[in-house]
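Here is the structure we will look at, set down as structure tokens.
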Amino acid sequence: MKSNSPVISFPPHLPFLSRSRTLKTLLFSAISSSSSLHQLRQIHALIHLFGLHASSLLVAKLLRRLSDLGIVPPNPYPSLLFSQVPSPNSFLWTAFIRSHSFSSPLSIYLLMRRQRPPPPPLSFTFSALLKSAQSISEGIQIHAQTISMGGFDSDLFVLNTLIDMYIRSNHVTNARQVFDEMRVRDILSWTSLVVAYSRIGDMDSAAELFEQSPAKDVVSWTAMVGGYSQNARPREALTVFKRMQASGVAFDEISLLGAINACAQLGTSNYAIWIRQVVDRVAVRKSGLVGSAMVDMYSKCGLIVDAQRMFLEISEKDVYSYSAMISGLAAHGRAADAIALFEEMVTTTDVRPNRVTFINVLTACSHAGLVEEGRRYFSLMKKKYRITPDADHYTCMTDLLGRVGFIVEAHELVQSMPVEPNAAVWGALLGACRIHVNPEIAKIASERLFQLEPEGIGHYIVLSNIYASAGMWDEVSKLRKIVRGMGLRKNPASSWMESGDGVIHEFFAGDELHPRSKEMKETLEYLLGRLRLAGYVPVLRSVVYDVSDVEKERILKGHSEKLALAFGVLTTGVRDVIRIVKNVRICEDCHVVMKMASSVIEREIAVRDNLRFHHFRNGVCSCCDFW
DNA sequence: CTAGGGTTAG
């Protein structure tokens, strides 16, 4: 908590004229650095004391700070301040309009126009109006007004705001049209569109514009790094991040976030170590912003101990830091620690959990099968914290109930939930049906999924796998036909790992693309041979094709995480942890192989699946075979 | 004085 009041020191030796200007400057910066209504009122009193309450400059600044603190009409304070200025200039009118952005900025504008003589509107008077436009048509009207005033038709500031208005209402094409018609553009025009394209997932258009933009600064570079990372293209994100550094633009805290997140997605430990060095160079590690991202990144890279260490180093822990840590512990199967941290947060700090925190806590319960605790937190969230559960929370509950086998109850929950179940909810139910082989409810869930996400080829495959596990081969072949008709899968299952030099090696089921493929095959055969001696029997039911047992065994051997395991054995030191990242859930057979391998070859193996970690040590897994 | 922002279920 900042409790220091702004200090206004007055240099008495200055001549009177400059004293007045200096005083204004001092008061002005005091307003900027104020952090509470109480302080603002004190400064306001000072302004009165010095007879400066008619200053448009100071009052405009006060208004702006007030809206930052959420003090806007109908709170009378802004109007009171405004009314004390006998002849407000255009700047103050604009500030007053802006402070009404959530009520009726247009009515203030009309009031301004009715003054005699009317203060000339400024470009950012219109920008303030445009910013608060509730709809496209209102925005277009305001823009027409702007043009009719003359002199603004090619105003950069107005046009940039117009672009933003279109982007805010998801009309990227219109924004692009404005952009294309601009005779003069600045870096903000370019960046706005780059961001707009990346938000709609069109990174190729974003990149094209970015490359064309004549100037690049830390913000526009960051937009690209963040864009790639938010669109699940971590390698490109890091490439752009490195290019930014090479171009001589210094990065700041915000620009690091995209890069940290990209490393989290890659999930490999060398990138974790690399980004830590980058972060340490600017010594912002203890900030909550970077700290939370780092906690998340370490967790996702399997370095949970480093995540915890990082968490402790954050100087001002907020709900993001706690949520990131809880989510990390959950992903590593440490439900008890995740819950303990949540309890510590609510009992020993002022940090209030938000909806995401509860998603994290419920996920922790889910990964450990803690049904009763999950129910308790679900109701605590409503009763004590007044957070209305949304579809995401119901997804967690459906997953929690379904995962332990309460499929009927999970289905009832989905049917009775007060918000419309979305694809994630039905997906959780379908996932539960896969684990516990319940083709009846799976059929219900997947029919809804086919409606909600008709392009989601994965749902057909999961349903088909459930039918396969239940031996319903007629149904399987019907679904296979549909899947074939839909074309190739966009995201095939793959596993990847890093060799010591930071190169990422990716493997696909049954592929022989890697230059060391032959060696890997031999290594795997040798390893499986040793496992067989220790009692390994391939889990044939992990294969969801109706083929012979010999063929099933051949398919199992080709699973990408086994290829990665072989590659890891070949290329890493005997004391290194073999770290594998996988983009889908690990299958039962691979899980058995990893467990046994960890004891037979005395190596620690860590596999990150699409949602959690498996740490294999001495023949057991941290997930206790519940995943 | 408008452009980039950490935690999120299947």
Side-chain angles (χ1 to χ4, degrees), chain A residues 64 91 94-95 98 122-124 126-128 130-131 155-165 167 186-196 198-199 213 217-227 229-230 244 251-258 260-261 264 287-297 299 314 318-328 330 353-363 366-367 390-400 402-403 421-434 445 449 453 456 458-459 462 584-585 610-611:
Chain A
R64 172 139 189 82
F91 287 92
T94 303
R98 197 176 291 118
L122 309 162
S123 63
F124 62 98
F126 292 112
S127 148
L130 260 183
K131 238 194 131 171
D155 186 277
L156 188 56
F157 196 83
V158 167
L159 291 176
N160 278 348
T161 318
L162 189 65
I163 288 180
D164 279 334
M165 183 204 71
I167 292 173
D186 65 2
I187 193 162
L188 279 74
S189 334
W190 288 92
T191 310
S192 294
L193 269 161
V194 166
V195 171
S198 79
R199 289 220 178 115
S213 66
D217 65 2
V218 62
V219 177
S220 59
W221 281 106
T222 305
M224 284 304 292
V225 177
S229 102
Q230 278 150 27
M244 169 172 103
F251 53 82
D252 62 6
E253 233 177 286
I254 298 171
S255 55
L256 277 170
L257 301 175
I260 297 171
N261 189 274
S287 93
L289 212 65
V290 171
S292 309
M294 288 294 283
V295 167
D296 176 61
M297 185 278 300
S299 304
I314 299 173
D318 62 6
V319 66
Y320 287 97
S321 344
Y322 275 98
S323 302
M325 193 68 249
I326 290 170
S327 138
N354 62 17
R355 50 176 296 279
V356 177
T357 320
F358 278 103
I359 292 172
N360 299 144
V361 171
L362 292 174
T363 306
S366 196
H367 285 168
D390 58 27
D392 295 341
H393 298 104
Y394 280 97
T395 302
C396 294
M397 286 307 288
T398 306
D399 183 68
L400 173 62
R403 206 175 277 278
N422 59 17
V425 174
W426 290 112
L429 189 60
L430 184 63
C433 294
R434 165 171 60 181
L449 282 166
E453 291 182 346
H459 307 317
V462 173
V584 293
R585 186 178 185 272
N610 49 345
L611 51 103

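Numbered from 1 within each chain, the chains take letters A, B, ... in sequence-line order. Quantities reported herein were computed from a predicted structural model and do not represent experimental measurements.
Partners of A:Arg355 by salt bridge (Lys or Arg N to Asp or Glu O under 4.0 Å), not counting sequence neighbours, listed by chain and number: A:Asp390, A:Asp392. Residues passing the ring pair (Phe, Tyr, Trp, His ring centres under 6.0 Å) test with A:Phe126 are A:Tyr109, A:Phe152, sequence neighbours excluded.
Remark: P of B:dT2 and CG of A:Asn160 are 12 Å apart, rounded to the nearest angstrom. Rounded to whole angstrom, the span from the CG atom of A:Asp186 across to the P atom of B:dT2 amounts to 13 Å. One interatomic measurement links the two molecules: CG of A:Asn360 to P of B:dG10, which rounds to 11 Å at whole-angstrom precision.
A:Ala423 comes within 4.0 angstrom of a base, heavy atoms only. Within the nucleic acid shown, A:Ser327 comes within 4.0 Å of sugar-phosphate atoms alone, with no base atom in reach, counting heavy atoms only. Residue contacts shown for A:Arg434 are absent, as no nucleic acid heavy atom lies under 4.0 Å away. Among the heavy atoms of the strands lying under 4.0 Å from A:Leu611 are primed sugar atoms or P, OP1, OP2 only; no base atom is included. Residue A:Val319 is classed as a base contact, given a heavy-atom separation below 4.0 Å to a base. Among the heavy atoms of the strands lying under 4.0 Å from A:Asp217 is at least one base atom, whether or not backbone atoms are also near.
Contact annotation: A:Gln230 does not reach the phosphate of B:dT8 (side-chain N/O to OP1 or OP2, under 4.0 Å). Phosphate proximity of B:dG4 to A:Arg199: present, with a side-chain N or O under 4.0 Å from OP1 or OP2.
With hydrogens and angles left out, the side-chain atoms of A:Asp296 and A:Ser299 include no donor and acceptor closer than 3.5 Å.
Listed here is the closest heavy atom pair of A:Pro353 and A:Val319: CA-CG2, 4.1 Å.
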